[in-house]
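Notes to accompany the following structure.
In each ligand, atom 1 is the first atom listed, and ligand 1 is the first ligand listed.
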Amino acid sequence: MSAQPIDNLLVENRVFPPVPAGTLGFDRWHIGSIDEYRALHARSVGDPETFWREEAGRLDWFTPFDKVLEWNAPDAKWFVGGRINACYNCVDRHVQAGHGEETAIIWEGEPVGAGGPEIKRLTYRDLQVQTSKCAAALKALGVKKGDVVTIYMPMVPELAVAILACARIGAAHSVIFGGFAPHAITERVVDASSRVIITADGGWRRGDVVPLLKNVEEAVGTLANQGHIVNHVLVVQRTAHDAGRHGWASGTARIGPTKFHWWHDAVYHAGDACPCEPMDSEDMLFLLYTSGSTGKPKGILHTTAGYLAFVQMTARLTFNLQPGAGQVFWCSADIGWVTGHSYVLYGLLMNRVPTLMYEGAPNFPAAPGKPAGVGDRFWDIIARHKVTQFYTAPTAIRTFMKWGDDLPAKHDLSSLRILGTVGEPINPEAWMWYHEHIGRKRCPIVDTYWQTETGGHVGTPLPGAIATKPGSCTLPMLGIDAAIVNEQGQELGPNQGGLFVIRKPWPGMLRGVYGNRERFVSNYWGRVKDPRTGVPYYFSADGARRDADGYFWIQGRIDDVIKVSGHLLGTMEVESALVSHPAVAEAAVVGMPHDIKGNAICAFVTLRASWAAKNPGRKPDDDLRKDLIAHVAKEVGALAKPDQIRFSEGLPKTRSGKIMRRLLRDVACGVEKITQDTTTLEDYSVVAKLRADEE
Ligand code: PRX
């Protein structure tokens with residue numbers, strides 16, 4: 001695709017200035033004014049060596065580094081010569097400094113018994129003991145520095161322990177989201193040449209058991225048939241749901257030569273003196289697989305010191321983290337995604353702010369008086385744990401909108417100070433809903449733009465300094481030299497759509513695609529170059545524009561744009577217009593071939609509960625369709641008018657909550673003409689479920 005300007009027809013003029021720290025209960029902002037931000041940003045990209053040396057100085061090193069950066073594009077080496085350990089920086093150093101009894105992790109299980117949900121609190125000392133034991137157990141199973149340990153677990157405390165234990169002994173972790181099916185495990189285990197898996201018998205999700213152990217058994221069997229032997233599987237007992245699976249003793253060879261061990265035997269009986277291994281700055285910390293638009297998943301490789309330096313800084317600045325100040329941070333992402341790695345675990349533990357981990361679904365149990373599947377568990381959690389910073393995804397926010405305003409309204413959300421969003425562009429109306437109904441118009445919203453590959457936030461408001469605009473991730477993070485350029489690498493002027501690039505290396509950047517140099521180079525560094533020097537820029541594969549204030553507006557993956565009558569439209573613009581209609585909860589638009597326009601727009605729409613309530617007995621019909629089309633024409637322009645509007649109960653999503661536009665495109669293209677039965681509500685989430693099982 002060529003980088004033609006994307007027409008920007010959706011105009012967003014609302015601006016929300018930063019709020020004084022005092023009014024939110026912070027004693028100060030780390031960065032408290034736009035001037036301070038601008039000065040720091042200019043310094044951070046003008047003299048990156050000094051800037052990053054200072055940031056790295058916030059970490060504890062076994063051996064100091066002698067050089068900040070060696071850059072042979074696209075290969076970066078950060079903090080050269082230094083030795084450091086991630087687990088030490090998250091856990092041990094806090095114990096050393098006298099904070100061992102402070103809460104590190106607050107965990108809440110999904111099931112709700114008569115006495116309420118199960119809650120556990122782990123202090124830094126608990127984490128030190130448990131990571132040491134787990135590390136010792138892994139060593140006893142033959143895991144060595146440099147090995148890759150696969151982790152496939154529910155959101156239980158042992159997941160955090162397992163990750164940190166790997167870091168403790170210098171093994172890389174490769175976490176696979178617990179919602180994936182066996183095929184995803186086999187693919188990733190082989191790619192990473194991993195010989196040890198940590199899992200659980202099951203995990204709780206919406207009142208049901210996710211059969212993790214069964215999936216691992218299946219994967220291990222398939223792998224053995226392919227000639228890849230997994231030597232050991234370590235199993236946490238969480239759900240104890242299947243007696244047949246529990247009648248075995250630790251150390252049993254259960255699938256071919258693969259031995260299975262209960263965590264409660266292997267870990268609890270292991271010694272608790274296992275020191276943190278000094279790692280080279282550039283030693284691999286973890287692999288995290290991410291799906292490309294084509295081909296098999298890519299193992300995104302992050303190394304130790306750079307990732308730590310970047311994530312401690314971004315977590316601290318974006319969320320104004322202050323240790324010992326009574327903050328409770330909750331990121332609702334699963335640790336199986338990068339958001340969970342960086343902002344459930346590493347970023348929070350390094351900054352010594354308690355992090356909340358919730359095991360289950362937002363709609364379990366159902367809210368009183370509501371049908372199954374409609375819940376207020378998140379608001380209940382925020383109220384009970386007095387969460388101060390809450391971080392979630394647009395897809396969740398749109399779901400909450402759909403469930404109705406009355407659910408959050410019933411809860412005391414006054415502890416909240418900062419709200420965050422991540423994962424896809426947030427529609428301005430969803431942003432406004434979040435602002436009004438969750439933030440109660442008090443809390444700044446940080447719309448954080450980043451990727452698995454970037455390690456941490458690369459574009460985000462800093463809440464004390466940067467005014468926000470709904471739908472914009474605002475300005476670059478310190479140390480990030482972001483720009484919108486054309487295919488020739490030339491920076492574009494205000495409001496011209498182009499490619500989002502980062503022109504200088506940053507410590508949190510990926511160091512490779514595991515075992516695939518070609519994909520690393522071609523995917524990220526092969527597209528755009530510095531027009532003067534020829535040095536490659538990092539290209540995120542997202543289209544974006546900057547407005548006259550320099551604010552970034554991410555338009556989504558460049559393959560998610562539609563060319564209608566010769567104009568490129570970001571799917572986002574049209575979707576946001578639809579979602580700003582009072583009847584609409586969620587919308588996804590895709591292109592479908594059209595004789596005259598080249599492509600026409602097909603919109604898949606789910607409706608808000610409030611629409612049904614206001615229109616009793618009425619089915620979504622042609623009148624509503626006409627109304628929505630007129631609304632898009634008004635908000636975006638006649639060009640963006642959808643040719644088809646299809647009402648649906650749900651939209652197909654990936655496991656991480658991204659709308660599967662590719663699938664909808666197939667649906668749209670496969671159907672010649674819209675069904676004349678205008679009263680049918682289709683349920684595309686069913687298609688997604690089928691598809692998700694293939695992942
Ligand atoms: O398209 C952008 C979108 O999510 C992509 C990265 O996905 P992943 O590696 O799974 O990481 C998700 C969590 C960081 C990006 O290329 N994206 C993520 N955050 C935003 C976003 N798009 C717009 N605004 C955001 N805040």
For atom 6 (C) of ligand 1, closest protein heavy-atom neighbour: Trp450 O, 3.6 Å
Checking contacts here: is it the side chain or the backbone of Glu424 that comes within 4.0 Å of ligand 1, counting heavy atoms only? Could be both or neither. backbone
Looking only at protein heavy atoms, what sits closest to atom 23 (C) of ligand 1 is Pro425 N, 3.1 Å
Tell me, which protein residue and heavy-atom name are nearest atom 7 (O) of ligand 1, and how many Å apart are they? Lys658 NZ, 3.3 Å
So, for Trp450 and Phe310, is the gap between ring centers shorter than 6.0 Å? no
Judging by distance only, is a nitrogen or oxygen of Gln451 under 3.5 angstrom from one on ligand 1? yes
Closer than 4.0 Å to some heavy atom of Ile554 - which atoms of ligand 1 meet that? 22 (N), 23 (C)
How about Thr448 and Tyr391: does a side-chain donor come under 3.5 Å of a side-chain acceptor? yes
When you compare the side chains of Ser540 and Tyr449, does any donor N or O come within less than 3.5 Å of an acceptor on the partner? yes
Passes side-chain contact (heavy atoms from CB on, under 4.5 Å), Val574 versus Val632? Steps please. CA-CA 7 Å; Val574 187; Val632 173; 4.1 Å; yes
Among Ile426, Thr454, Thr452, Asp542, the residue with a heavy atom nearest to atom 16 (O) of ligand 1 is Asp542
Once you round to the nearest 0.5 Å, how far does CD1 of Ile445 lie from CD1 of Ile397? 7.0 Å
Tell me the protein heavy atom at minimum distance from atom 3 (C) of ligand 1, and give that distance in Å. Gly423 O, 3.3 Å
Work out whether the distance between some heavy atom of Cys473 and some atom of ligand 1 is less than 4.0 Å. no
Exactly one of Ile480, Val458, Asp481, Leu510 should register a side chain to side chain contact (heavy atoms under 4.5 Å, CB included) with Tyr538. Which one does? Leu510
Arg188 to Tyr152, cation-pi by 6.0 Å centre distance and 45° axis angle: no
Under a 4.0 angstrom heavy-atom cut-off, which atoms of ligand 1 come close to Asp447? 24 (N), 25 (C), 26 (N)
For atom 13 (C) of ligand 1, the closest protein heavy atom turns out to be Thr339 OG1, 3.4 Å
Between Tyr343 and Thr314, does the side-chain contact (heavy atoms from CB on, under 4.5 Å) criterion hold? Intermediate values first, please. CA-CA 9 Å; Tyr343 303 109; Thr314 53; 2.5 Å; yes
